[in-house]
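Counting begins at 1 with the first residue of the sequence. Predicted model only: the values in this text are computed from it and were never measured.
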Amino acid sequence: VVLLVFLQFVGKKWGHKSVALLHICNSRNIIVMGLHTIISFFINKDLQQPIWKVLGPIKTEIPSPQLPIMILVQNLLLPSVTLALTVALEHVVLAKSFARVNGYKSNDSQEMVYLGAINIINSFFGGMPVGGGDPARSAVLSGVQVKSPLSGIVTSVLVILAMNFGSRAFEWIPIPTIAAVITVAIINQILPMDWTGKWWKISFVDFLGFFVTFNVALVVTGETGLGLGFAIMVFYTLFRAMFSRPIAIVSSDLESQYNG
C-alpha cells in the first residue's frame with residue numbers, strides 16, 4: 001500500500017515533467033505485483049505451506065459453450081432477479097461515479113444494454129455474472145488513467161496469454177498484494193465524507209436512501225441494503241409523480257436541456 005501510494009503521489013506531483021516517470025507511475029500496479037510475486041516465489045518455493053496466502057494454481061482451459069440446465073434455471077429464477085437488480089444498480093452507480101471523476105456523462109441505457117448482452121453470452125460459458133467484480137477492475141483502470149474501451153480487448157488478450165504462458169508464475173502472487181492494489185484503487189473513487197452533509201441539505205430523500213442502503217448492507221447483506229434503497233427511491237418517485245402538478249414541455253425546453 002505504501003509503495004502504491006508513493007508512486008501515485010510521484011506521478012501526480014512530477015509526472016507532467018517526465019513522460020518516462022509518468023509511465024512508470026501509471027504502471028505502479030504491475031510493478032508492485034511483479035515485485036512481490038518475485039519475492040513470494042523465492043521465499044515460498046521450497047515450503048509445504050506458504051508463509052502468506054498465494055493465488056495458487058490457475059485453470060488455463062476455456063469451457064465450450066453449452067445450454068443452461070433448465071432445472072437449475074427454474075430453481076435460481078427468483079434469486080437471479082435480486083442479483084440482476086443488485087448488479088444493475090451497482091453498475092450504473094459505478095458508471096456515474098467514474099463519469100463524475102473523469103468529467104463526462106454516462107449513458108445509462110448503453111450501460112444496461114451492455115450489461116444484459118454480456119451476461120447472456122457469459123451464461124453459456126458458466127461464467128460469473130459480469131458486474132460484481134467491475135468496481136475493483138474499473139477502479140484500477142481509472143487509477144492508471146485508462147480512457148479507452150479498447151482497454152477491455154487489451155485486458156482480455158493479456159488474460160488469455162497469461163493463462164496459457166504465465167500461469168505457473170502467477171501461482172505465487174500474494175493475495176495481500178492483490179488486496180492492496182484493489183484497496184488503493186477503490187479508495188480513490190470514494191466520495192469525500194462532507195458529501196453526506198451536502199446530500200442532507202440538497203435532498204433528504206437521497207440522504208435517507210444512502211443512509212439506509214449503506215448501513216443495512218454493512219450489517220445485514222449487500223442485496224438487502226440495495227433492495228431497501230431501491231424500494232425507497234421507487235416509492236418516493238411514485239408518490240412524487242402522483243402528487244405533483246403536470247408541467248407542459250415545449251420544444252424550447254428540450255432544446256435548452258440538450259443544447260451542446
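Atoms CE and CG, from M33 and L55 in turn, are 8.0 Å apart once rounded to the nearest 0.5 Å. Atom-to-atom distance recorded for F42:CZ and W172:CH2 is 11.5 Å, nearest 0.5 angstrom. Rounding to the nearest 0.5 Å gives a distance of 5.0 Å between CH2 of W14 and CZ of F9. Atoms CE and CD, from M70 and Q74 in turn, are 6.0 Å apart once rounded to the nearest 0.5 Å. Here the straight-line distance linking atom NE2 of H23 with atom OG of S18 works out to 9.0 Å at 0.5 Å rounding. To the nearest 0.5 Å, atom CD1 of residue I51 and atom CD1 of residue I43 are 5.5 Å apart.
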Using side-chain contact (heavy atoms from CB on, under 4.5 Å), reason through F230 and T213 one step at a time and then give a plain yes or no. CA-CA 8 Å; F230 181 76; T213 302; over 6 Å; no
Checking I173 against H36 for the side-chain contact (heavy atoms from CB on, under 4.5 Å) test, could you report, in this order, the C-alpha distance in whole Å, the side-chain angles of both residues, the deciding distance, and whether it holds? CA-CA 7 Å; I173 296 178; H36 287 84; over 6 Å; no
Give the intermediate values and the outcome of side-chain contact (heavy atoms from CB on, under 4.5 Å) for residues M233 and D206. CA-CA 8 Å; M233 298 311 298; D206 287 338; 3.6 Å; yes
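In terms of heavy atoms, H16 sits closest to K13 at CE1-O, 3.1 Å. Taking every heavy atom of both residues into account, S40 and V54 meet most closely at OG-CG1, 3.6 Å. The minimum heavy-atom distance between C25 and V10, with the atom names listed, is SG-CG1, 3.8 Å. Taking each heavy atom of L115 and A88 in turn, the nearest pair found is CD2-CA, 3.7 Å.
With hydrophobic clusters built from ILVMFWY side chains whose heavy atoms lie under 4.5 angstrom apart, W52 shares a cluster with V1. Connection of I31 to I178 is not established within any shared hydrophobic cluster, with ILVMFWY side chains joined at heavy-atom distances below 4.5 Å, either directly or through further cluster members. Two different hydrophobic clusters hold V92 and I118 under the rule that ILVMFWY side chains link at heavy-atom gaps under 4.5 Å. Cluster membership for I38 and L4, using ILVMFWY side-chain heavy atoms within less than 4.5 angstrom, is not shared. By the rule that hydrophobic residues join a cluster once side-chain heavy atoms approach within less than 4.5 Å of another member, I120 and F125 end up as members of one cluster.
The neighbour count for F211 CZ, taken as heavy atoms of other residues, nucleotides or ligands under 6.0 Å away, does not exceed 12. In I71, the CD1 atom is not crowded: 12 or fewer heavy atoms of neighbouring residues, nucleotides or ligands sit closer than 6.0 Å.
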